[in-house]
Amino acid sequence: ELKVIWNKNKYDVKFCLDSTGAELKQKIHSLTGLPPAMQKVMFKGLLPEEKTLREIKITNGAKIMVVGSTINDVLAVNTPKEAAQQEVKAEENKKEPLCRQKQHRKVLDKGKPDDVMPSVKGVQERLPTVPLSGMYNKSGGKVRLTFKLEQDQLWIGTKERTEKLPMGSIKNVVSEPIEGHEDYHMMAFQLGPTEASYYWVYWVPTQYVDAIKDTVLGKWQYF
C-alpha cells in the first residue's frame, strides 16, 4: 500500500513490490492523466524506472511524490505566449530587412563615413570613455553619442545641436547589422510611443552594440 501525492491530491494505491518504477509510472498515469514522460517520481530521490520497488526498498505505507503537469496544463500556459510570439515573428517576416528599406538606403548608399570608428567583429566591449563618433543620422548628417552615466543621460550631438536625453525616457533600442558590412550596425533609439519616434544612427561598431543597449535600457550597473 502506497500513498501517491501529486498536485495536492493524495491517492491510496495497492501495488506489487516486484513491479518496476516504469510500471508504477503507468499506474500513476491511469490515476492522474499525467503521461509517464512528464512525471518526476520521487522516493528518496528520483525513482529509477528499471528497478523494482523491492530493490528500491519501498515498504508498505511509503509516500511517493509526483511532480509534473498534464499536457492540457502545459498548453493552457504556453498557447497565448506562443501565439503572440508567432504573430511577432510573422510581422517581422513581412518586413524586409531594415537596411534594404528606402529611407535607410538613402543614408547607407553614401557609404562608410571617412572617420568611422574601427569595429572589432565577434567581440563585446564596454562603452569607451570617449564619445562614439563618425556615424550618420537619418538625414546623412554626422552624429556622435556621449553616454553621461553619472547624469543617467544620453547626449546625441550633431553639428547643429546636442540633445540631452534622460536614459529613462528612451523606450527601446533596436539594431540590425548592415548588409555587406556586418561589423557595423544601424541602431534606433525610441524616443516616443511609436516607431515614428525612432532616432536612427548608422555605422555603429558592432562591439559596442550590446553595451549601448544595456546602458540605455538600465542594465549597465551589472557590468
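- Residues satisfying the side chain to side chain contact (heavy atoms under 4.5 Å, CB included) criterion with Asp12, sequence neighbours excluded, are Lys3.
- Every residue meeting the side chain to side chain contact (heavy atoms under 4.5 Å, CB included) condition with Glu1, not counting sequence neighbours, appears here in chain and number order: Lys14, Asn60.
- Cation-pi geometry between Lys110 and Tyr136 is satisfied (NZ or CZ under 6.0 Å from the ring centre, within 45° of the ring normal).
- Side-chain contact between Tyr184 and Val116 is present, with at least one heavy-atom pair separated by less than 4.5 Å.
- Scanning for side chain to side chain contact (heavy atoms under 4.5 Å, CB included) contacts around Lys25 gives Pro36, Gln39, Val41, Glu49, with sequence neighbours left out.
- With sequence neighbours left out, the salt bridge (charged side-chain N to carboxylate O under 4.0 Å, His left out) criterion links Glu50 to no other residue.
- Using a 4.5 Å heavy-atom threshold, the side chains of Thr146 and Val130 count as separate.
- Between Leu108 and the options Met186, Glu179, His181, a side-chain contact (heavy atoms from CB on, under 4.5 Å) holds for only Met186.
- Side-chain contact check for Ser175 and Lys213: at least one donor-acceptor pair (N or O, by modelled atom type) lies under 3.5 Å.
- Rounded to the nearest 0.5 Å, atoms CZ (Phe189) and CH2 (Trp200) are 10.5 Å apart.
- Counting heavy atoms from C-beta outward, Thr52 and Leu17 have side chains that stay 4.5 Å or more apart.
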List, one per line, each side-chain donor-acceptor pair under 3.5 Å for residues 163-172, sequence neighbours excluded.
from: Glu163; atom 1: OE2; to: Arg161; atom 2: NE; distance (Å): 3.1
from: Glu163; atom 1: OE2; to: Arg161; atom 2: NH2; distance (Å): 3.3
from: Ser169; atom 1: OG; to: Pro166; atom 2: O; distance (Å): 2.7

* Derivation and outcome, side chain to side chain donor-acceptor pair (under 3.5 Å), residues His185 and Tyr202 -> CA-CA 7 Å; His185 280 231; Tyr202 303 86; over 6 Å; no
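- Pro113 is not listed as a side-chain neighbour of Met135, based on a closest heavy-atom distance of 4.5 Å or more.
- With sequence neighbours excluded, no residue satisfies side chain to side chain donor-acceptor pair (under 3.5 Å) with Tyr208.
- Taking the side chain as every heavy atom from C-beta outward, Leu47 and Ile56 approach each other to under 4.5 Å.
- Put simply, the side chain of Val201 does not reach to within 4.5 Å of the side chain of Asn137, judged on heavy atoms.
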